[in-house]
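Chain A is the first sequence line, chain B the second, and so forth, proteins listed ahead of strands; every chain is numbered from 1.
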Amino acid sequence: MLDIQQLRKELPQVVEGLKRRGYALDEATFCALEAKRKSLQVKTEELQATRNAASRQIGILKSKGLDTVPAMAEVAGIGDALKANETALGALQDQLNGFLRQIPNIPRADVPAGKSADDNVEVRRWGKARTFDFAPKDHTDIGEALKGIDFETASKLSGSRFSVLRGQVARLHRAIAQFMLDTHTAQHGYTEVYVPYMVGSESADGVSSLAKFKDDLFKIEGRDLYLIPTAEYPVTNFVRDTIVDAKELPLKFACHSPCFRSEAGSYGKDIRGMIRQHQFDKVELVQIVTPEKSADAHEELTAHAEAILQKLELPYRTMLLCTGDMGFSSAKTYDLEVWLPAQNAYREISSCSNFEAFQARRMMARFKNAAGKTELLHTINGSGLAVGRTMVAILENFQNADGSVTIPSALRCYMAGAAKIDLAA
RNA sequence: GGAGAGGUGGCAGAGUGGUCGAAUGCACCGGACUCGAAAUCCGGCAUACCGGUCUCCGGUAUCGUGGGUUCGAAUCCCACCCUCUCCGCCA
């Protein structure tokens, strides 16, 4: 949510900023609502002040044992007018709030303008795509040959976009998550957290716009609970409605969790394989910082996610998303894209965003600054990384001509020292 | 599932219809004392919003949430949510 004060004071700048990401702010509606709000609020508060003063007088008269009848007659008329004003003001504030909540975040000045993913900017590239002396297979073929990935059984159980993993491949999946968590906690200073995989609508609305994105979530029938689409939902909400002591900042959390996404609207996309699933594991990084630190923290967090790819020897590139391709709440986003030989393309494996105060404002997540004033926190998060897609990348990049898959050395200690996954295994 | 207790400021914890935004303690910030620190003493210290003559002044709202009663509600009534304790059941 944007700052309504900023809209009042710097409307032209806000309009300009939003225009960069292709969002046309309805200025006329906003100004009309604001004008109405102002007059109604002033009127209502005046009435309240009159009533409060009168009631206070009655209290004083009573304590002195004096007659209160004339004083009470005086307030009698206020009630109805006040109630009408309060109701109208409440409705108007709801309207204004609704209007405000559906406005996306303003992109930072250093975010390139653009309409779609085609306009994203590659900021760096790491590793070399391996050249194969045989035709590389995709992860589905590799996994099925190893009897490690079983989509048939998964679809019997739960339909499409699910997978069953077995044996060494299942273990590899677990190893990847362990490795990521261990790296982030031991080397990057994150605190490991375990969290609920369902959250209430208030938490969901804190990090994103529930009204806008509820179709992407799985809802628990008859309960105000949603399966989390990312650990960002529970973890960022740690600080909802709280005032954090500045001494505790920055907060850095790493969380391994499953993620559940309905993938509504992606019919026909990535049907084959494990790229796009209703359920996948992810290690999420979350940082909660002061505003001055957020830009640096965003770079740092992105580097932490990149470190995982480097340690796993997976070629990737870092993309700075353009204004048109960023998520609703983000002010700036880097996507990490890993090289997939079978697709002959880079595919997203992590998304690292700085939300600045956008989420914090919705969540009322604040801290006390040096001057003793409460100020909104900045929130940053990123995948570090998506576990399923990381496994896909390993299977494809480390595949051998005989159908076996070499295990990246960083993971071997999590695989009882095994150097590869063999067909026979 | 049964029975009970309770939700008040950053935290702990008083307050059962009238200057209560709320005692007290802790924490925190300033000052005094000190070579410095501790201890002690003095002062300050909730949040959000609105208006204005906008580093200040005035106003409104907020005691789990939403309704109700009343001139007036933290306090009374109703509903809901949540937490805790005990019993039962169970991974």
Side-chain angles (χ1 to χ4, degrees), chain A residues 1-10 30-31 33-101 194-206 210 219-220 222-226 234 237-249 251 288 290 357-377:
Chain A
M1 181 163 66
L2 293 180
D3 182 6
I4 192 161
Q5 314 272 19
Q6 195 189 0
L7 262 81
R8 287 185 190 129
K9 284 186 221 142
E10 305 166 5
F30 175 73
C31 293
L33 285 172
E34 252 299 285
K36 252 194 264 176
R37 187 228 94 228
K38 187 164 171 171
S39 67
L40 246 181
Q41 183 163 357
V42 169
K43 184 84 188 99
T44 304
E45 291 186 359
E46 268 171 14
L47 287 170
Q48 286 170 329
T50 313
R51 181 207 54 196
N52 290 347
S55 295
R56 210 169 294 138
Q57 274 311 311
I58 292 169
I60 292 168
L61 289 175
K62 246 195 168 150
S63 69
K64 288 181 180 161
L66 299 170
D67 182 21
T68 59
V69 175
M72 280 169 71
E74 228 173 283
V75 243
I78 299 176
D80 289 343
L82 181 57
K83 186 145 273 180
N85 272 284
E86 277 174 344
T87 309
L89 180 61
L92 197 62
Q93 268 165 343
D94 286 348
Q95 215 179 328
L96 202 51
N97 207 28
F99 178 83
L100 207 61
R101 274 177 172 263
Y194 169 83
V195 297
Y197 299 151
M198 302 176 210
V199 297
S201 53
E202 232 182 300
S203 294
D205 207 43
L210 190 55
K219 185 171 195 313
I220 306 299
R223 305 282 306 262
D224 180 39
L225 286 173
Y226 296 84
N237 273 284
F238 283 5
V239 292
R240 174 157 55 87
D241 293 323
T242 58
I243 299 175
V244 180
D245 194 327
K247 278 181 286 202
E248 291 174 32
L249 299 171
L251 295 172
I288 292 159
T290 58
F358 193 82
Q359 290 181 328
R361 193 171 293 112
R362 277 170 176 260
M363 291 194 298
M364 291 294 277
R366 296 160 296 170
F367 72 103
K368 268 209 198 304
N369 66 20
K373 288 295 257 179
T374 55
E375 205 179 328
L376 290 167
L377 289 159

Counting only Watson-Crick pairs (N1-N3 plus N6-O4 or O6-N4) and G-U wobbles (N1-O2, O6-N3), all under 3.5 Å, who is the partner of [N]?
N     : value
B:A14 : none
B:A74 : none
B:C86 : B:G2
B:A79 : B:U65
B:G36 : none
B:G58 : B:C50
B:U19 : none
B:G43 : B:C29

Round to a whole Å and report the spacing from [atom1] of [X] to [atom2] of [N].
X        : N     : atom1 : atom2 : value
A:Leu89  : B:G51 : CG    : P     : 12 Å
A:Ile4   : B:A48 : CD1   : P     : 15 Å
A:Asp241 : B:G9  : CG    : P     : 12 Å
A:Glu202 : B:G64 : CD    : P     : 15 Å
A:Leu61  : B:G72 : CG    : C1'   : 13 Å
A:Leu82  : B:U70 : CG    : C1'   : 14 Å
A:Leu249 : B:G10 : CG    : P     : 16 Å
A:Ile60  : B:C71 : CD1   : C1'   : 13 Å

What's the gap between [N] and [M] when it is taken at their [atom1] atoms, as a whole Å value?
N     : M     : atom1 : result
B:G88 : B:G10 : P     : 40 Å
B:A22 : B:C45 : C1'   : 15 Å
B:C42 : B:U24 : P     : 13 Å
B:C81 : B:C28 : C1'   : 33 Å
B:G6  : B:C90 : P     : 31 Å
B:U47 : B:A23 : P     : 15 Å
B:G64 : B:C54 : P     : 38 Å
B:G72 : B:U19 : C1'   : 12 Å

Heavy atoms under 4.0 Å, any strand shown: does A:Gln5 hit a base, just sugar-phosphate, or nothing? sugar-phosphate
Mind checking if A:Ala54 touches a base, just sugar-phosphate, or nothing, with heavy atoms under 4.0 Å? nothing
Please tell me which of the listed nucleotides, [options], lies nearest to the side chain of [X]?
X       : options             : result
A:Lys83 : B:G68, B:A48, B:G59 : B:G68
A:Ile58 : B:U60, B:G10, B:G18 : B:G18
A:Ser55 : B:U60, B:U69, B:G18 : B:G18

Trace of the side-chain contact (heavy atoms from CB on, under 4.5 Å) decision for A:Leu225 with A:Val199: CA-CA 5 Å; A:Leu225 286 173; A:Val199 297; 5.8 Å; no
Looking at [N], I'd like to know if its phosphate oxygens (OP1 or OP2) sit under 4.0 Å from a side-chain N or O belonging to [X].
X        : N     : result
A:Asn52  : B:U19 : no
A:Arg37  : B:G51 : yes
A:Thr374 : B:A48 : yes

Within the side chain of A:Asn85, is there an N or O that forms a donor-acceptor pair under 3.5 Å with the backbone of A:Ala81? yes
Please check if atom NZ in A:Lys219 has more than 12 non-hydrogen atoms from other residues, nucleotides or ligands closer than 6.0 Å. yes
For atom CE of A:Met198, is the number of surrounding heavy atoms from other residues, nucleotides or ligands below 6.0 Å larger than 12? no
Toward the 5' end of RNA chain B, which comes first, A:Glu34 or A:Arg51, by nearest nucleotide? A:Glu34
Between A:Arg366 and A:Gln48, the residue closer to the 5' end of RNA chain B by nearest nucleotide is A:Arg366
Within a strict 4.5 Å, meaning less than it, do heavy atoms of the A:Phe367 and A:Leu249 side chains meet? yes
Hey, mind stepping through A:Glu202 and A:Arg240 against side-chain contact (heavy atoms from CB on, under 4.5 Å) and telling me if it holds? CA-CA 10 Å; A:Glu202 232 182 300; A:Arg240 174 157 55 87; 3.2 Å; yes
Is there a side-chain contact (heavy atoms from CB on, under 4.5 Å) between A:Gln41 and A:Leu92 once you walk through the steps? CA-CA 10 Å; A:Gln41 183 163 357; A:Leu92 197 62; over 6 Å; no
Stepwise salt bridge (Lys or Arg N to Asp or Glu O under 4.0 Å) check, A:Arg37 with A:Glu34: CA-CA 5 Å; A:Arg37 187 228 94 228; A:Glu34 252 299 285; 2.7 Å; yes
